[in-house]
Amino acid sequence: MSSINRRAQQRNLEIISNKKVGAYHHMVLAAGDMAQHCSAGNFVAVSVGGTGSSMILRRAFAIYRASDRGQYGGTIELVIAPQGQGSRWLTSLDIHDVVDIVGPLGTSFGIPTEPASALLVGGGYGSAPLFGLAEVLKERGCRVDMVLGASSAGKIYAPLEGKRSVNSLTITTEDGGAGIKGRVTQVLPDLIEKHGIEIIYSCGPMPMIAAIEEISFKAGLVHQCAVEEAMACGIGICMTCVLPVRDPDGVIKMTRSCIDGPVMDGSRVIWDSLRKVPLGTWGFDG
Amino acid sequence: MSSINRRAQQRNLEIISNKKVGAYHHMVLAAGDMAQHCSAGNFVAVSVGGTGSSMILRRAFAIYRASDRGQYGGTIELVIAPQGQGSRWLTSLDIHDVVDIVGPLGTSFGIPTEPASALLVGGGYGSAPLFGLAEVLKERGCRVDMVLGASSAGKIYAPLEGKRSVNSLTITTEDGGAGIKGRVTQVLPDLIEKHGIEIIYSCGPMPMIAAIEEISFKAGLVHQCAVEEAMACGIGICMTCVLPVRDPDGVIKMTRSCIDGPVMDGSRVIWDSLRKVPLGTWGFDG
Amino acid sequence: MDKQYQAFDPRCRFGRKSFPSPIFTASGCAGSGKELSQFIGLDELGAVVTKSISVKPRSGRATPRMAETPSGMLNSIGLQGPGIDQFLAEDIPWLIANDARVIVSISGETIEEYASLARKLRGVPGISGIEVNISCPNVENRGMVFACDPVASKLVVESVRRNIGGELPTIVKLSPDVTDLVAIAGEVIAAGADGLALINTLLGMAIDIDNMRPKLAGMTGGLSGPAIRPVAVRAIYQVHAAFKGIPILGMGGVASGRDALELIMAGASAIAVGTANFGDPTAVIKVKSELIELLKERGFNSVASAVGVAHEK
Amino acid sequence: MDKQYQAFDPRCRFGRKSFPSPIFTASGCAGSGKELSQFIGLDELGAVVTKSISVKPRSGRATPRMAETPSGMLNSIGLQGPGIDQFLAEDIPWLIANDARVIVSISGETIEEYASLARKLRGVPGISGIEVNISCPNVENRGMVFACDPVASKLVVESVRRNIGGELPTIVKLSPDVTDLVAIAGEVIAAGADGLALINTLLGMAIDIDNMRPKLAGMTGGLSGPAIRPVAVRAIYQVHAAFKGIPILGMGGVASGRDALELIMAGASAIAVGTANFGDPTAVIKVKSELIELLKERGFNSVASAVGVAHEK
Ligand SMILES: Cc1cc2nc3c(=O)[nH]c(=O)nc-3n(C[C@H](O)[C@H](O)[C@H](O)COP(=O)(O)OP(=O)(O)OC[C@H]3O[C@@H](n4cnc5c(N)ncnc54)[C@H](O)[C@@H]3O)c2cc1C
Ligand SMILES: Cc1cc2nc3c(=O)[nH]c(=O)nc-3n(C[C@H](O)[C@H](O)[C@H](O)COP(=O)(O)OP(=O)(O)OC[C@H]3O[C@@H](n4cnc5c(N)ncnc54)[C@H](O)[C@@H]3O)c2cc1C
Ligand SMILES: Cc1cc2nc3c(=O)[nH]c(=O)nc-3n(C[C@H](O)[C@H](O)[C@H](O)COP(=O)(O)O)c2cc1C
Ligand SMILES: Cc1cc2nc3c(=O)[nH]c(=O)nc-3n(C[C@H](O)[C@H](O)[C@H](O)COP(=O)(O)O)c2cc1C
Ligand code: FES
Ligand code: FES
């Protein structure tokens, strides 16, 4: 039985900054000691809408950065795309407003024990957890190259201080508004060869991750990805957030991405059966 | 067929003041030309909870004052008791927040064509519409005496400027915390006699109005009361806000308090059948 | 032809009648029409569906008649109304004079009452259809609601069809509170319904924990509003899947163009807006313009072409 | 004795078992118990009602398995679970070791599967009851849900009772999606149910208006959360009115002590919290303490004394 992140807590956190950056909002929360328990790849589950809201489920957000020192004590930072009702409510909040947060949740990116050459690939707000990861990898002596892609320039989230922690940053946009016109996957093979990449970390839309896994597999690399499935609870009790994953014994199981993820071994996910139950899955009954 | 207040409009109004006064909040809204259409006794229907709220129905509030001049153009003032979810949301709003309001709605207090001696009786926030009424009556040369009652002192709403427009003000509280200990009805017979009252205006809880009607009937007076029934729409389309009222032809009908009220002739309401359908009501089928 | 110059066709059709807009008011949620006309032009609606009218005047139930619930409300009005004669003398002429198309909703306590209402409506000039509200207790069968009983439902519809003639479309309004909605839909279609109205309210209750009694004088009431939309979508989807050719007037929690489109994609040919009118007197107009915008954005050039698209593979 | 010194009795009873708290977790809404135990002490609950367990392991349905709706959500998990054997080997011992009382929810596709689950559970040490989830498709009868069919419901309960023995209380969980809930309740009570669980989810659907398909992979799903509370209150009220002696585990949209009290006053002897756990992992604890506070404020000195008070005149 897998289990929930043991450091998870429920807390009311005060917003200390909420700024629009391109298509996103960068939000900083005074998180006290919650911050020191966060690892790159973890997420938080945020209650939205306030009292009397018709939205009854939490929303998951990747932790962009967590820092346990500074003026406000520990802080947690999020990068939020105002998409639907919940995220729009959240991004409309003011400084000093308080949000109900459960975190840190989920698995985190595994860090190589020996220095290695790592490629970090993010799509849209999927870049968020990669900057914290880059810092950790650099501290461990890794080479870190980064590729960020989005449909347009405004949807690339790449703050200055983030850029400092990588050896190279390649940007792709589908409309060509910034960097190379196209998708992240177009530039990966060259970068892998050029920088002698040994491990890929990815976060972004599921089709992007699936395409990265294909490249990673062909190149014989390790691929750690942060997946995103619709989550009702974020803490492992609802069984909505599953995807088909091959376990170490080779058995395919519908696996919860909130507690056995979001960070998973890309080679174990059955990418061609996403949103399906593949034939042969344990307990397959359809 | 009775019909909705012809001056009703739907508008987004800005809050220009929201102050706690005793147990209530006094709220001022920039109302533009809506203000000039309001008469004493009218109410507004306010949308509560904001986008994504689980509260789907408007809340009715008596118009405390409406003024069509001043720094902000026209203004409408409300006196709101934070009771349940909707009123608490409303009273928690800040200056410059905007509320969706439909108004003015409902009937207004009838004004005597000749100067008369009037007694205004309010219970709790029921005092709200009486101050505006008092001003109008004074302008018409009436003598105006007022009685306000509540369970405790904090629930008496009687602002200074309001007091100026009445000849006398009597206060009763059930706990004796202010004025006379007891209920408004205890002091009415004496006041009626002392001031030669010819007409009673009342607003407050339904049992209070019923008791006033009994006194008024015995004394042979005219009694205009503002009733309060749970309203889903406020504009006459849902049929939830009815009470049994005898029409001019003597027929008892379940009558909408939002468009044939809130101000009604107290002698026409079948007070002993409130919340019932009295035998003999038109279309009685039970 | 350039998409933006292509005319958009908002019409819908029930039986022999075509309606110029897909947005209607739901029965019992627009007063007599007059009240709402202060906020919206009634001619902008597909039709006003009147409150359900009975043979005799009805006082309706005692109060409280409503309770707000999360994203919904309960009501127990008890079909208060003036009876068919006064209704035909006063409400109908006013509506017609004010350019509203009118669908008359009828309710009875016996099959004969439905027949008699149909006879009175047959030949009334200016009305565009009948909605048969069968969510009423059948006094001849221990008060069991007609809509819960396939046989009684069928008998009501047959008798209405016999008495109304072939001109006026007969739309039958079903209750979702049944084990097998598709079976009941099948019965009323076999009995001659030209269309179905889905869904009526769900039976619900709320209790006041302070006075420790049901909040409504009538104890139970009908649950409506956004809370029930998923039930409406399911009901419409199931019935449309079973009877593709029968137009459905969809309703249940529609408060925006997105909601309306959801019901249309499930299989509704037109939409009635009920409870949302209470929260916003101009709701129908907003729903209509939002809906048409959303349809155009998705490349539809008519409402009809979006009906039931969620069924396609 | 002064009211504030009077001990408050929070217990409830199903069959031969007494539970120290009236607040349970609802089936399928607490994972294996382990996940929630990080936020709350499981021993504070009346019991953990497990997710419904099947004879064999089940993968459950494809995703998306959920959609948020106004004040509610739809789910279509498809009873994903490890099967009874692994469940008895792993989940149950963990729960017992962690001081949780356990009610095992069972689900089958045939009457024989229910019987076989009951046999496996008979004599398992440490469990406090069985909840029979009959909202499952009956493969022997064209997939018609057991709970929609009085005869099938009765047969399931009879076979469970026969196999489980008299020790463990058998609580039968009913679906509100039926024409006559009281009739079905009557059947399962006659078949030997010690208690009823009311209500399971309502069948609903949501459509994604962008990709124009149902939001759930399983097309329809179960509607839960505050949106359905009025239906739960009504169902509990009706069934309690008809069968005063049968304890009801009430559920459906409970997210606060006030909600719990509403269901108790309608006739529930205990309350299960489902969807609210997703929005707030400590929901059960808040519901419990708020409920007890509200009861005390109203002068009740036990949960039992408030059960069904809304029925009194
Ligand atoms: C592990 C994880 C990490 C995430 N990290 C971020 C992040 O860093 N920044 C960010 O902006 N968003 C992130 N999201 C998406 C976020 O949780 C919300 O789903 C998104 O903000 C849309 O919610 P809404 O309330 O605005 O939309 P609504 O339309 O109101 O959402 C309705 C429901 O659908 C679900 N839903 C809608 N879109 C998605 C989606 N793309 N993925 C999963 N569920 C969805 C919502 O969670 C909600 O339950 C993450 C999601 C997951 C699962
Ligand atoms: C004509 C009229 C004038 C009013 N004037 C005022 C006023 O000047 N100041 C003021 O504070 N309040 C006034 N009210 C009461 C007000 O409309 C709300 O009912 C009250 O604020 C409670 O709403 P809530 O959202 O806080 O409570 P909730 O418990 O959330 O309300 C739930 C539902 O019950 C209804 N309801 C609850 N209590 C009452 C009540 N006492 N009367 C009618 N419906 C009720 C609400 O309107 C709402 O639909 C008036 C009501 C009416 C009908
Ligand atoms: C106050 C009220 C009164 C209603 N009266 C009727 C009625 O007279 N006849 C009828 O068929 N349906 C009646 N209904 C049901 C609505 O027409 C509609 O089917 C239901 O409310 C669902 O739609 P909604 O969620 O948009 O309100 C009434 C609903 C409400 C809320
Ligand atoms: C995600 C989810 C899974 C559920 N799984 C089960 C189940 O396995 N067995 C069962 O009897 N009920 C199941 N239910 C129904 C709940 O136990 C409960 O009856 C229903 O959700 C109403 O309560 P609520 O509104 O508090 O959630 C499930 C509900 C949800 C939301
Ligand atoms: S989100 Fe609930 S189990 Fe993963
Ligand atoms: S409040 Fe709707 S008719 Fe009066």
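Lettering follows sequence order; numbering is per chain, from 1. Keep in mind that the numbers below use all heavy atoms, side chains included, and drop hydrogens, waters and symmetry copies.
- Of the atoms belonging to D:Leu74, it is side-chain heavy atoms, and not backbone ones, that fall under 4.5 Å from chain C.
- The greatest number of non-hydrogen atom pairs below 4.5 Å with chain C, out of D:Gly204, D:Pro230, D:Ala227, D:Pro226, is found for D:Pro230.
- Counting heavy-atom pairs closer than 4.5 Å to chain D, the top residue among C:Ala306, C:Ala206, C:Ala235 is C:Ala206.
- Ion pair C:Glu290/C:Arg258 not flagged as a salt bridge, since none of the NZ, NE, NH1 or NH2 atoms sits closer than 4.0 Å to an Asp/Glu carboxylate oxygen.
- Among the candidates D:Pro214, D:Ala67, D:Pro176, the residue making the largest number of heavy-atom pairs closer than 4.5 Å to chain C is D:Pro214.
- Sparse packing is recorded around NZ of D:Lys154, with 12 or fewer heavy atoms of other residues, nucleotides or ligands lying under 6.0 Å away.
- In this structure, the portions of C:Ile209 lying under 4.5 Å from any heavy atom of chain D include both its backbone and its side chain.
- In this structure a side-chain-to-backbone donor-acceptor pair under 3.5 Å is present from C:Arg213 to D:Glu312.
- Heavy atoms of C:Leu202 lying under 4.5 Å from chain D belong exclusively to its side chain.
- Scanning all heavy atoms of the two residues, the minimum distance from D:Ser175 to D:Leu181 falls at O-CD1, 3.5 Å.
- Ranked by non-hydrogen atom pairs under 4.5 Å with chain C, the options D:Leu203, D:Val233, D:Val178 are led by D:Leu203.
- Between the side chains of C:Ser224 and C:Thr275, at least one donor-acceptor pair of N or O atoms lies under 3.5 Å.
- Separating the CG atom in D:Asn200 from the CG atom in D:Asp177 is a distance of 9.0 Å, to the nearest 0.5 Å.
- Between D:Glu297 atom CD and C:Asp210 atom CG the span is 9.0 Å, to the nearest 0.5 Å.
- Of the atoms belonging to D:Gln238, it is side-chain heavy atoms, and not backbone ones, that fall under 4.5 Å from chain C.
- For chain D, the nearby parts of C:Leu261 are the backbone and the side chain; heavy atoms of each come within less than 4.5 Å.
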